[in-house]
Amino acid sequence: DASGWAFNVQASKSIPVVPVVLYGGLQYEKFNVDYDYKFPLNDGTELDISLSQTAANNFRGLAGLSISIPPTPVRINVDYAIGNENNVVTTGLGVRL
């Protein structure tokens with residue numbers, strides 16, 4: 001059984017002189033999952049395993065930038081997300097059509 005949701009606000013601003021877009025956002029999120037497994041054993045009994053997990057992050061902030069490589073349609077982005085317990089760096093490569 002799993003449930004989760006997220007609410008976020010995002011904003012971006014392009015810099016007209018250079019092909020760069022700065023972006024950022026704030027997110028509130030909630031996630032919970034419950035695992036319940038029954039494994040049959042060779043002796044006819046069952047092994048019950050139950051786990052519950054709740055996401056560590058409730059609030060997350062994100063800041064990043066996207067760079068276009070003219071005259072190609074290629075874009076590169078990097079951002080940094082800060083959470084209550086987990087911080088993440090993300091990079092990407094994209095093609096704008």
Exercise. Given the rule in the side chain to side chain contact (heavy atoms under 4.5 Å, CB included) test, do Y80 and L62 qualify, once you have shown the distances and angles that lead to the verdict?
Worked result: CA-CA 6 Å; Y80 186 69; L62 176 115; over 6 Å; no
Seminar exercise, completed: OH (Y35) and OG (S50) are apart, to the nearest 0.5 Å, by 12.5 Å
For this session: Quick one: list whatever passes salt bridge (Lys or Arg N to Asp or Glu O under 4.0 Å) with D36, sequence neighbours left out.
Result: none
Exercise. What distance do I76 atom CD1 and L93 atom CG have between them, rounded to the nearest 0.5 Å?
Worked result: 6.0 Å
Problem set entry | Nearest heavy atoms of A2 and V33, plus distance in Å | CB-CG2, 3.7 Å
Problem set entry | Note, V9 side chain near F7 side chain (heavy atom, < 4.5 Å) | yes
Exercise. Going by heavy atoms in the side chains, are I15 and V21 under 4.5 Å from each other?
Worked result: no
Exercise. With the 4.5 Å side-chain cut-off for hydrophobic clustering, are V18 and V78 part of the same group?
Worked result: yes
Problem set entry | Cluster link I82 to L26, ILVMFWY, side chain under 4.5 Å | no
Exercise. Considering residues at least two apart in sequence or located in another chain, which fulfil the side chain to side chain donor-acceptor pair (under 3.5 Å) criterion with T91?
Worked result: none
For this session: State the CZ-CG distance between R60 and N84, to the nearest 0.5 angstrom.
Result: 9.0 Å
For this session: List for me each residue that meets side chain to side chain contact (heavy atoms under 4.5 Å, CB included) alongside A6, sequence neighbours excluded, and say none if there are none.
Result: Q27, E29
Exercise. Just how far is it from atom CG of N77 to atom OG1 of T90, taken to the nearest 0.5 Å?
Worked result: 8.0 Å
Problem set entry | S66 versus Y23, closest heavy-atom pair with distance | N-CE2, 3.9 Å
Exercise. Around N42, counting heavy atoms of other residues, nucleotides and ligands shown, do more than 12 lie under 6.0 Å from its CG?
Worked result: no
Exercise. Do the non-hydrogen side-chain atoms of L47 and Y37 ever get within less than 4.5 Å of each other?
Worked result: no
Exercise. Who pairs with S68 by side chain to side chain donor-acceptor pair (under 3.5 Å), at least two apart in sequence or on another chain?
Worked result: R75
For this session: Name all residues meeting the side chain to side chain donor-acceptor pair (under 3.5 Å) criterion together with T54; count only those two or more places apart in sequence or in a different chain, and write none if there are none.
Result: N32
Exercise. How far does CG of L65 sit from OG of S12, to the nearest 0.5 angstrom?
Worked result: 12.0 Å
Exercise. In Å, rounded to the nearest 0.5 Å, how long is the span from CG of D48 to NZ of K38?
Worked result: 4.0 Å
For this session: Would you check if the distance from the ring center of Y28 to the ring center of F59 is below 6.0 Å?
Result: yes
Seminar exercise, completed: By side chain to side chain donor-acceptor pair (under 3.5 Å), D1 pairs with (sequence neighbours left out) none
